[in-house]
There are 2 protein chains.
Amino acid sequence: MGASKTDLFTQQQNELASMAKALAHPARIAILQYLVKTNACVCGDLVEELGLAQATTSQHLKELKNAGIIQGTIEGASVCYCINPAVWKQYKQLFNSFFGEVSLENKCC
Amino acid sequence: MGASKTDLFTQQQNELASMAKALAHPARIAILQYLVKTNACVCGDLVEELGLAQATTSQHLKELKNAGIIQGTIEGASVCYCINPAVWKQYKQLFNSFFGEVSLENKCC
DNA sequence: AACCATCATCGTAATATTGCGATATGGGAG
DNA sequence: CTCCCATATCGCAATATTACGATGATGGTT
(Lines give C-alpha, C1' and ligand atoms only; values in the text may rest on other atoms or scores of the structure.)
Protein backbone atom coordinates (compact mmCIF):
# COMPACT_ATOMS: atom_id res chain seq x y z
CA MET A 1 0.00 0.00 0.00
CA GLY A 2 2.52 2.63 1.03
CA ALA A 3 0.16 4.75 3.11
CA SER A 4 0.28 4.63 6.87
CA LYS A 5 -2.90 3.64 8.68
CA THR A 6 -3.02 6.75 10.80
CA ASP A 7 -6.54 6.05 12.06
CA LEU A 8 -5.25 3.17 14.16
CA PHE A 9 -3.09 5.38 16.32
CA THR A 10 -3.49 8.29 18.69
CA GLN A 11 -3.07 11.83 17.58
CA GLN A 12 0.06 12.13 19.66
CA GLN A 13 1.60 9.08 18.02
CA ASN A 14 0.86 10.38 14.55
CA GLU A 15 2.23 13.77 15.44
CA LEU A 16 5.47 12.36 16.79
CA ALA A 17 5.83 10.16 13.73
CA SER A 18 5.35 13.04 11.33
CA MET A 19 7.84 15.13 13.27
CA ALA A 20 10.34 12.31 12.97
CA LYS A 21 9.57 12.06 9.29
CA ALA A 22 10.50 15.69 8.81
CA LEU A 23 13.93 14.88 10.25
CA ALA A 24 14.29 11.58 8.44
CA HIS A 25 16.60 12.79 5.72
CA PRO A 26 20.23 13.86 6.02
CA ALA A 27 19.67 16.86 3.75
CA ARG A 28 16.97 18.16 6.05
CA ILE A 29 19.16 17.57 9.08
CA ALA A 30 21.93 19.45 7.31
CA ILE A 31 19.63 22.36 6.48
CA LEU A 32 18.47 22.63 10.07
CA GLN A 33 21.99 22.41 11.45
CA TYR A 34 23.12 25.10 9.08
CA LEU A 35 20.27 27.39 10.09
CA VAL A 36 20.99 26.75 13.74
CA LYS A 37 24.71 27.29 13.31
CA THR A 38 24.40 30.60 11.56
CA ASN A 39 21.65 31.49 14.04
CA ALA A 40 20.08 33.93 11.63
CA CYS A 41 18.09 34.29 8.52
CA VAL A 42 19.86 32.61 5.62
CA CYS A 43 19.26 33.84 2.12
CA GLY A 44 20.37 31.95 -0.92
CA ASP A 45 23.45 29.97 -0.03
CA LEU A 46 21.58 26.82 0.94
CA VAL A 47 21.85 25.22 -2.49
CA GLU A 48 25.63 25.47 -2.60
CA GLU A 49 25.83 24.37 1.00
CA LEU A 50 24.04 21.10 0.32
CA GLY A 51 25.38 19.94 -3.01
CA LEU A 52 22.00 18.81 -4.23
CA ALA A 53 20.22 20.24 -7.24
CA GLN A 54 18.27 23.43 -6.75
CA ALA A 55 14.94 21.69 -7.32
CA THR A 56 15.73 19.01 -4.78
CA THR A 57 16.82 21.53 -2.19
CA SER A 58 13.65 23.50 -2.72
CA GLN A 59 11.61 20.35 -2.19
CA HIS A 60 13.32 19.62 1.13
CA LEU A 61 12.78 23.20 2.21
CA LYS A 62 9.12 22.84 1.38
CA GLU A 63 8.79 19.76 3.57
CA LEU A 64 10.46 21.53 6.46
CA LYS A 65 8.14 24.46 5.94
CA ASN A 66 5.13 22.13 5.88
CA ALA A 67 6.31 20.63 9.13
CA GLY A 68 6.41 24.18 10.44
CA ILE A 69 9.94 23.90 11.77
CA ILE A 70 11.34 26.58 9.46
CA GLN A 71 9.86 29.70 7.99
CA GLY A 72 10.71 31.59 4.84
CA THR A 73 10.20 35.25 4.20
CA ILE A 74 10.61 36.84 0.81
CA GLU A 75 13.38 39.40 0.79
CA GLY A 76 13.41 41.05 -2.57
CA ALA A 77 14.75 38.63 -5.14
CA SER A 78 15.65 35.87 -2.72
CA VAL A 79 14.01 34.08 0.16
CA CYS A 80 15.30 34.05 3.71
CA TYR A 81 14.91 30.96 5.82
CA CYS A 82 15.22 30.55 9.52
CA ILE A 83 14.20 28.26 12.34
CA ASN A 84 10.73 28.77 13.76
CA PRO A 85 11.64 29.01 17.44
CA ALA A 86 8.20 28.06 18.78
CA VAL A 87 7.92 24.91 16.70
CA TRP A 88 11.53 24.01 17.36
CA LYS A 89 10.84 24.22 21.07
CA GLN A 90 7.76 22.06 20.63
CA TYR A 91 9.77 19.41 18.79
CA LYS A 92 12.39 19.48 21.49
CA GLN A 93 9.82 19.03 24.23
CA LEU A 94 7.89 16.27 22.52
CA PHE A 95 10.99 14.24 21.75
CA ASN A 96 12.28 14.89 25.20
CA SER A 97 9.16 13.61 26.90
CA PHE A 98 9.10 10.65 24.56
CA PHE A 99 12.63 9.65 25.43
CA GLY A 100 12.61 10.82 28.97
CA GLU A 101 10.05 8.62 30.59
CA VAL A 102 12.02 5.41 30.53
CA SER A 103 13.77 3.93 33.50
CA LEU A 104 16.66 1.97 32.20
CA GLU A 105 16.57 -1.08 34.37
CA ASN A 106 17.05 -4.14 32.29
CA LYS A 107 14.07 -6.29 33.10
CA CYS A 108 14.39 -8.35 29.96
CA CYS A 109 14.25 -12.10 29.89
CA MET B 1 15.37 8.19 -7.79
CA GLY B 2 14.12 7.50 -4.29
CA ALA B 3 17.50 6.87 -2.75
CA SER B 4 19.08 9.44 -0.47
CA LYS B 5 22.49 10.75 -1.48
CA THR B 6 24.12 9.82 1.79
CA ASP B 7 27.62 10.50 0.51
CA LEU B 8 26.94 14.23 0.45
CA PHE B 9 26.47 14.44 4.20
CA THR B 10 28.44 13.81 7.33
CA GLN B 11 28.21 10.56 9.21
CA GLN B 12 26.48 12.30 12.07
CA GLN B 13 23.83 13.72 9.78
CA ASN B 14 23.14 10.37 8.21
CA GLU B 15 22.98 8.74 11.60
CA LEU B 16 20.52 11.26 12.96
CA ALA B 17 18.40 10.93 9.84
CA SER B 18 18.26 7.17 10.06
CA MET B 19 17.36 7.36 13.73
CA ALA B 20 14.53 9.69 12.84
CA LYS B 21 13.47 7.32 10.12
CA ALA B 22 13.12 4.51 12.62
CA LEU B 23 10.65 6.69 14.53
CA ALA B 24 8.89 8.00 11.44
CA HIS B 25 5.86 5.75 11.66
CA PRO B 26 3.05 5.84 14.20
CA ALA B 27 3.06 2.06 14.54
CA ARG B 28 6.70 2.11 15.55
CA ILE B 29 6.07 4.94 17.97
CA ALA B 30 3.22 2.92 19.42
CA ILE B 31 5.38 -0.17 19.78
CA LEU B 32 8.08 1.77 21.59
CA GLN B 33 5.60 3.50 23.88
CA TYR B 34 4.05 0.17 24.73
CA LEU B 35 7.42 -1.35 25.54
CA VAL B 36 8.33 1.65 27.64
CA LYS B 37 5.00 1.66 29.45
CA THR B 38 5.12 -1.99 30.43
CA ASN B 39 8.80 -1.49 31.23
CA ALA B 40 9.52 -5.14 30.69
CA CYS B 41 9.90 -7.85 28.17
CA VAL B 42 6.73 -8.20 26.12
CA CYS B 43 5.90 -11.52 24.53
CA GLY B 44 3.20 -11.91 21.97
CA ASP B 45 0.55 -9.32 22.61
CA LEU B 46 2.01 -6.74 20.26
CA VAL B 47 -0.07 -7.78 17.28
CA GLU B 48 -3.39 -7.34 19.10
CA GLU B 49 -2.14 -4.13 20.63
CA LEU B 50 -1.50 -2.50 17.27
CA GLY B 51 -4.41 -3.58 15.10
CA LEU B 52 -2.22 -4.19 12.10
CA ALA B 53 -1.80 -7.54 10.41
CA GLN B 54 0.72 -9.92 11.88
CA ALA B 55 3.01 -9.66 8.87
CA THR B 56 3.00 -5.87 9.02
CA THR B 57 3.71 -5.80 12.73
CA SER B 58 6.59 -8.19 12.26
CA GLN B 59 8.02 -5.91 9.61
CA HIS B 60 7.92 -2.88 11.89
CA LEU B 61 9.54 -4.88 14.65
CA LYS B 62 12.26 -5.85 12.24
CA GLU B 63 12.97 -2.24 11.39
CA LEU B 64 13.18 -1.31 15.04
CA LYS B 65 15.51 -4.23 15.59
CA ASN B 66 17.66 -3.13 12.66
CA ALA B 67 17.84 0.32 14.16
CA GLY B 68 19.02 -1.38 17.33
CA ILE B 69 16.51 0.34 19.56
CA ILE B 70 14.75 -2.85 20.56
CA GLN B 71 15.96 -6.36 21.06
CA GLY B 72 14.15 -9.65 20.83
CA THR B 73 15.02 -12.82 22.62
CA ILE B 74 13.46 -16.13 21.79
CA GLU B 75 11.49 -17.50 24.73
CA GLY B 76 10.25 -20.91 23.83
CA ALA B 77 7.46 -20.60 21.30
CA SER B 78 7.24 -16.82 21.25
CA VAL B 79 9.67 -13.91 21.10
CA CYS B 80 10.09 -11.33 23.82
CA TYR B 81 10.80 -7.76 22.88
CA CYS B 82 12.14 -4.97 24.99
CA ILE B 83 13.91 -1.64 24.72
CA ASN B 84 17.66 -1.73 24.31
CA PRO B 85 18.60 0.68 27.08
CA ALA B 86 22.00 1.61 25.69
CA VAL B 87 20.71 2.49 22.26
CA TRP B 88 17.71 4.26 23.72
CA LYS B 89 20.05 6.41 25.75
CA GLN B 90 22.10 7.13 22.67
CA TYR B 91 19.02 8.25 20.75
CA LYS B 92 18.03 10.44 23.61
CA GLN B 93 21.41 12.08 23.79
CA LEU B 94 21.78 12.63 20.06
CA PHE B 95 18.35 14.18 19.68
CA ASN B 96 18.94 16.22 22.77
CA SER B 97 22.18 17.67 21.52
CA PHE B 98 20.60 18.29 18.15
CA PHE B 99 17.74 20.25 19.62
CA GLY B 100 19.60 21.72 22.51
CA GLU B 101 22.16 23.90 20.85
CA VAL B 102 19.80 26.58 19.62
CA SER B 103 19.36 29.95 21.24
CA LEU B 104 15.88 31.05 20.47
CA GLU B 105 16.36 34.69 19.70
CA ASN B 106 14.42 35.61 16.67
CA LYS B 107 16.96 37.18 14.38
CA CYS B 108 14.87 36.68 11.29
CA CYS B 109 14.15 39.33 8.73
C1' DA C 1 12.04 47.37 -22.56
C1' DA C 2 15.51 43.12 -22.34
C1' DC C 3 18.13 40.47 -19.15
C1' DC C 4 19.68 37.92 -15.16
C1' DA C 5 19.33 35.95 -10.57
C1' DT C 6 16.57 33.40 -7.22
C1' DC C 7 13.31 30.33 -6.07
C1' DA C 8 8.97 27.36 -6.85
C1' DT C 9 6.60 24.04 -9.46
C1' DC C 10 5.84 20.43 -13.03
C1' DG C 11 6.84 16.17 -15.04
C1' DT C 12 9.21 12.07 -14.84
C1' DA C 13 12.19 8.15 -13.42
C1' DA C 14 14.18 5.28 -9.85
C1' DT C 15 13.69 3.46 -5.56
C1' DA C 16 11.59 2.94 -0.80
C1' DT C 17 7.83 2.19 2.27
C1' DT C 18 3.58 0.22 3.83
C1' DG C 19 0.37 -3.36 4.09
C1' DC C 20 -1.43 -7.90 3.67
C1' DG C 21 -2.27 -12.74 2.25
C1' DA C 22 0.18 -16.85 1.69
C1' DT C 23 3.65 -19.58 2.95
C1' DA C 24 7.72 -21.09 5.68
C1' DT C 25 9.95 -22.22 10.23
C1' DG C 26 10.44 -23.86 14.72
C1' DG C 27 8.86 -24.96 19.33
C1' DG C 28 5.43 -26.97 22.49
C1' DA C 29 1.20 -30.12 23.37
C1' DG C 30 -0.97 -34.15 22.72
C1' DC D 1 5.07 -38.18 14.84
C1' DT D 2 1.14 -34.94 14.15
C1' DC D 3 -1.20 -30.89 15.09
C1' DC D 4 -1.31 -26.08 16.67
C1' DC D 5 0.75 -21.64 17.98
C1' DA D 6 3.75 -17.67 17.37
C1' DT D 7 6.97 -15.34 14.21
C1' DA D 8 9.43 -14.66 10.19
C1' DT D 9 9.76 -14.28 5.37
C1' DC D 10 8.12 -14.04 0.48
C1' DG D 11 5.62 -11.95 -3.11
C1' DC D 12 2.79 -8.63 -4.61
C1' DA D 13 0.10 -4.12 -5.13
C1' DA D 14 -0.51 0.67 -3.89
C1' DT D 15 1.51 4.70 -2.64
C1' DA D 16 5.42 7.78 -1.02
C1' DT D 17 9.97 9.63 -1.34
C1' DT D 18 14.03 11.32 -3.58
C1' DA D 19 16.26 13.44 -7.29
C1' DC D 20 16.77 16.25 -11.32
C1' DG D 21 16.02 18.78 -15.72
C1' DA D 22 12.91 21.92 -17.70
C1' DT D 23 9.91 25.42 -17.16
C1' DG D 24 7.40 29.09 -14.75
C1' DA D 25 7.08 33.23 -11.73
C1' DT D 26 8.91 37.32 -9.58
C1' DG D 27 12.09 40.99 -8.55
C1' DG D 28 16.19 43.64 -9.52
C1' DT D 29 19.59 45.54 -12.96
C1' DT D 30 20.97 47.71 -16.95
Side-chain angles (χ1 to χ4, degrees), chain A residues 1-9 13-14 17-32 34-35 41-67 70-82 109, chain B residues 1-9 13-14 17-31 34-35 41-67 70-82 108-109:
Chain A
M1 303 241 159
S4 303
K5 288 198 147 185
T6 53
D7 49 306
L8 284 178
F9 307 102
Q13 286 164 342
N14 284 312
S18 86
M19 280 178 167
K21 208 178 215 168
L23 306 179
H25 194 288
R28 295 198 284 275
I29 296 282
I31 290 172
L32 293 174
Y34 186 68
L35 290 181
C41 178
V42 170
C43 308
D45 28 327
L46 276 170
V47 173
E48 303 129 51
E49 188 68 20
L50 282 187
L52 288 170
Q54 183 265 324
T56 310
T57 306
S58 186
Q59 212 171 344
H60 283 303
L61 286 167
K62 188 183 180 182
E63 282 178 66
L64 288 172
K65 249 191 304 187
N66 285 344
I70 68 171
Q71 53 195 105
T73 51
I74 301 171
E75 190 79 4
S78 55
V79 177
C80 295
Y81 289 102
C82 62
C109 19
Chain B
M1 305 243 155
S4 303
K5 288 196 145 184
T6 53
D7 49 307
L8 285 178
F9 308 102
Q13 287 165 341
N14 285 312
S18 87
M19 281 178 165
K21 208 176 214 170
L23 306 179
H25 194 289
R28 295 197 285 274
I29 295 283
I31 290 172
Y34 186 70
L35 291 180
C41 178
V42 170
C43 308
D45 28 328
L46 277 171
V47 174
E48 303 129 50
E49 187 69 20
L50 281 188
L52 289 171
Q54 184 265 323
T56 310
T57 306
S58 185
Q59 211 172 342
H60 283 303
L61 286 167
K62 188 184 180 181
E63 283 178 64
L64 288 171
K65 247 190 307 186
N66 284 344
I70 68 172
Q71 54 195 106
T73 51
I74 302 172
E75 192 77 4
S78 54
V79 177
C80 296
Y81 289 102
C82 63
C108 289
C109 19

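In what follows, chains carry the letters A, B, and so on, assigned in the order in which the sequence lines appear, proteins first and then strands, with residues in each chain numbered from 1.
- For C/dG19, the OP1/OP2 oxygens have a side-chain nitrogen or oxygen of B/His25 closer than 4.0 Å.
- Using a 4.5 Å cut-off on side-chain heavy atoms (C-beta onward), B/Lys5 and B/Asp7 make contact.
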Identify each atom pair where a protein N or O and an N or O of nucleotides 8-11 of chain D are less than 3.5 Å apart, giving names and distance.
from	atom 1	to	atom 2	distance (Å)
D/dA8	OP1	B/Tyr81	OH	2.5
D/dA8	OP2	B/Ser58	OG	3.1
D/dA8	OP2	B/Tyr81	OH	3.2
D/dA8	N7	B/Gln54	NE2	2.9
D/dA8	N6	B/Gln54	OE1	3.1

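- The two atoms that bring B/Gly51 and A/Leu8 nearest to each other are O-CD1, 3.7 Å, heavy atoms only.
- B/Arg28 places a side-chain N or O within 3.5 Å of a backbone atom of B/Ala22 that can act as its donor or acceptor partner.
- Using a 4.0 Å cut-off, some side-chain N or O of A/His60 falls inside it from OP1 or OP2 of D/dA19.
- Look at CG on A/Leu23: it is 17 Å from C1' on D/dT18, rounded to the nearest Å.
- Here A/Leu52 lies in heavy-atom contact (under 4.0 Å) with sugar-phosphate atoms only.
- No donor-acceptor distance shorter than 3.5 angstrom exists from the side chain of B/Asn14 to the backbone of A/Pro26, with no hydrogens or angles considered.
- Between A/Glu75 atom CD and D/dT26 atom P there is a gap of 18 Å when expressed in whole angstrom units.
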- Message: Could you spell out the base pairing of DNA chain D as a dot-bracket line? Use Watson-Crick and G-U wobble contacts where both distances are under 3.5 Å, [ ] for crossing pairs, | for partners on a different strand.
- Response: ||.||||||||||||||||||||||||.||
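- Regarding A/Gln71, its CD atom lies at a distance of 16 Å from the P atom of C/dC7, rounded to whole Å.
- What you find for A/Leu52 and A/Ala27 is that their closest heavy atoms are CD1-CB, 3.8 Å.
- Here C/dA13 presents its P atom at 18 Å from NZ of B/Lys5, a figure rounded to the nearest Å.
- Nearest heavy-atom pair across B/Ala30 and B/Leu50 is CB-CD2, 3.8 Å.
- In this structure, B/Ile74 atom CD1 and D/dT7 atom C1' are separated by 9 Å, rounded to whole Å.
- A donor-acceptor pair under 3.5 Å is formed between the side chain of B/Thr57 and the backbone N or O of B/Ala53.
- Annotation: side chain of A/Ile70 is in contact with side chain of A/Leu32 (closest heavy-atom distance under 4.5 Å).
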Listed pairs, N/O of protein and of nucleotides 12-15 of chain D, under 3.5 Å:
from	atom 1	to	atom 2	distance (Å)
D/dA13	N3	A/Met1	N	3.2
D/dA14	N3	A/Met1	N	3.2
D/dA14	N3	A/Met1	O	2.2
D/dA14	N3	A/Gly2	N	3.3
D/dT15	O4'	A/Met1	O	2.5

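- For the pair B/Ser78 and B/Ser4, both in contact range of DNA chain D, the more 5′-proximal nearest nucleotide belongs to B/Ser78.
- Taking atom CG of residue B/Leu50 and atom C1' of nucleotide D/dA6, one finds them 15 Å apart after rounding to whole Å.
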- Task: Check the pair B/Cys80, B/Cys43 against disulfide bond (SG atoms under 2.5 Å apart), reporting the backbone distance first and the verdict last.
- Result: CA-CA 4 Å; B/Cys80 296; B/Cys43 308; 1.9 Å; yes
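- The aromatic rings of B/His25 and B/His60 lie tilted to each other, with the angle between the two planes from 30° to 60°.
- Residue B/Arg28 places its side chain closer to C/dT18 than to any other of C/dT18, D/dC20, C/dG19.
- Side chains of A/Leu46 and A/Tyr81 form a contact here, defined as non-hydrogen atoms less than 4.5 Å apart.
- The shortest distance between side-chain heavy atoms of B/Gln54 and B/Ser58 falls below 4.5 Å.
- A residue-by-residue look at A/Gly44 and B/Ala77 shows that A/Gly44 has its nearest nucleotide of DNA chain C further toward the 5' end.
- Residue B/Leu46 contributes atom CG, which lies 12 Å from atom C1' of D/dA6 at whole-angstrom precision.
- Nucleotide D/dT7 holds its C1' atom 18 Å from the CD atom of B/Glu49, rounded to whole Å.
- Picking from D/dA19, D/dT17, C/dA16 the nucleotide with the shortest atom distance to the side chain of B/Lys21 gives C/dA16.
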